Every structure is written in structure tokens, then in C-alpha cells.
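Below you'll find the structure, written out as C-alpha cells, and then a few comments.
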Amino acid sequence: MNDEQLIARVIEGDNDAFRELIEKYQQLVHKTCFNILRQEEDAEDVVQEVFIESFESIRLFRKESKFSTWLYRIAINKSLNHKRKHKWKNVVSSIENFFGGDNPRFEIVDHNANNSPETIDYNERARILQQAIQSLPENQRIAFTLCKYDELSYQEISEIMNLSFSSVESLIHRAKMNLQKRLINYYKN
């Protein structure tokens, strides 16, 4: 069953159809929230909020974009609101947690298991890269993360962030330039 059919069933009061939507999009929403919040507990809390809001406001979904894009918007907004409310949390631990957990793109190697210079160097570079990404201005960081980690197209990002295509191009370009400035000394050989 496609999203439009499921949404129609949810609007008619079919809770099983909403459960199907949750199952279909739970990983996407979790990944989005976690990429912004960097804390598993916070991400899980926000994921619940995202699905509660989507259930309560599904009648407002206008079908001008894909349902997944609508969910991305809710997830990003909820995550940013949560982050603003909880600024006191330790940023350093969130950066370190990025490389643990379930992120398939990065694997941090246990220093106790292998203390080779290559392992230590990799982990240090990964930590520095993540710090640089976290230091980007919020819109640059979100656009960059959606592009590089979630592998979304510029068009999808423009819909999610409610920006023009050229604004997204500019944000990602500036993010790359800022990262290059911050990382040039670390990645010279």
C-alpha cells in the first residue's frame, strides 16, 4: 500500500495504517533526529514527538510534497526546538557519541584492542571532523548533514528546509568551504 492510501486510511481512523507509516519511516525519522541531536535518548524522545504530531496533524498534510519530506520537516523542527531547550547538555559527549551507536558510516576502533598509530590517528581525525561539522552554523550543518549523511538531493533538501534550490546549493558550498578552512591543517600530509 502506498503512502497516499495509508494516509487516507489514517484520516478515516485506521490506527493500523498509521502503525504501517511508523514502521516505514521510523528509521528515517530517527536518523534525522539523531544527526541533529547526537544523543540517543533525546533522539528517541523527539522521534515519539514527531509521530505524535504527524498523527495529530495528518489532516493538514497537503500532498504538495512527498510524505517523507513532510516528516523530515517535522523531525528537523522538533529536533531543533529540543536542542534549543536543552542547550546545557554537554556538546563534547554528543560529538563522541556520533561515532558510537548505530551509525553505519563511521566505526570507531577500540583503543584498548588496537593501539596502533593508524587507529589513534583515524580516531583523532574522525573526532576533529565531527567537531568541525558541529561548529558550522545551524542551517549549513543541517543542509550538509542531509546531503552527505542522509544522501538526499538538493531538491529534497530544499523542500525539507523550505528553502530555494539555490539557497541549498549555497549553504552546502559554504559548509564545505568552512570545513575546508577548519580542517586544512589537520588533513595535510
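On a predicted model such as this, the values are computed, not experimentally measured, just so you know.
Between Y154 and V168, the shortest heavy-atom distance links the atoms O-CG1, 4.0 Å. Nearest heavy atoms, F144 versus I172: N-CG1, 4.3 Å. The nearest pair of heavy atoms linking A17 to L6 is CB-O, 3.7 Å.
Residues L136 and R182 have side chains in contact (heavy-atom distance under 4.5 Å, counting atoms from C-beta outward). Using a 4.5 Å heavy-atom cutoff, the side chains of V46 and I36 are not in contact. Here the side chains of F34 and V47 are not in contact, with every heavy-atom distance at 4.5 Å or above. Taking 4.5 Å as the limit, some side-chain heavy atom of L146 sits within range of a side-chain heavy atom of M161.
For the residue pair H173 / Q140, no side-chain donor-acceptor distance below 3.5 Å is found, with atom types taken as modelled. Side-chain polar atoms of R73 and T69 form no donor-acceptor pair below 3.5 angstrom. Side-chain contact of R127 with Q131: a donor-acceptor pair under 3.5 Å is present, judged by distance alone.
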Is there a side-chain contact (heavy atoms from CB on, under 4.5 Å) between I142 and L80 once you walk through the steps? CA-CA 10 Å; I142 291 168; L80 292 176; 3.6 Å; yes
Pair I74-F51, side-chain contact (heavy atoms from CB on, under 4.5 Å): steps then yes or no: CA-CA 9 Å; I74 294 171; F51 284 113; over 6 Å; no
Determine, stepwise, if the pair L163 / L171 fulfils side-chain contact (heavy atoms from CB on, under 4.5 Å). CA-CA 10 Å; L163 298 170; L171 282 172; 3.5 Å; yes
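F18 and I52 sit in two unconnected hydrophobic clusters of ILVMFWY residues. Membership requires side-chain heavy atoms under 4.5 Å apart, directly or through other members.
The pair K24-D3 meets the salt-bridge criterion, since a charged nitrogen lies less than 4.0 angstrom from a carboxylate oxygen. For the pair K66 and E159, the salt-bridge criterion is not met [side-chain N within less than 4.0 Å of a carboxylate O].
One finds the SG atom of C147 at 4.5 Å from the CD1 atom of I157 (value rounded to the nearest 0.5 Å). Rounding to the nearest 0.5 Å places CG of L179 at 11.5 Å from CZ of R141. Here CD of Q180 is found 5.0 Å from CE of M177. Values are rounded to the nearest 0.5 Å. How far CG of N162 is from OG of S65: 9.5 Å, rounded to the nearest 0.5 Å. Rounded to the nearest 0.5 Å, atoms CD (E53) and NZ (K78) are 4.0 Å apart. One finds the CD atom of E138 at 6.5 Å from the NZ atom of K83 (value rounded to the nearest 0.5 Å).
Under the 30°/60° scheme for interplanar angles, the aromatic rings of F61 and F67 are found to stand perpendicular.
Looking at D14, D16, N15 one by one, the single match for side chain to side chain donor-acceptor pair (under 3.5 Å) with R9 turns out to be D14. Across V29, L37, N35, V50, a single residue satisfies side-chain contact (heavy atoms from CB on, under 4.5 Å) together with S79, and that is L37.
More than 12 heavy atoms of other residues, nucleotides or ligands shown are found within 6.0 angstrom of CD on E44.
Remark: side-chain polar atoms of Q5 are paired, donor with acceptor, to backbone N or O of N2 under 3.5 angstrom. Remark: side-chain polar atoms of S170 are not paired, donor with acceptor, to backbone N or O of S166 under 3.5 angstrom.
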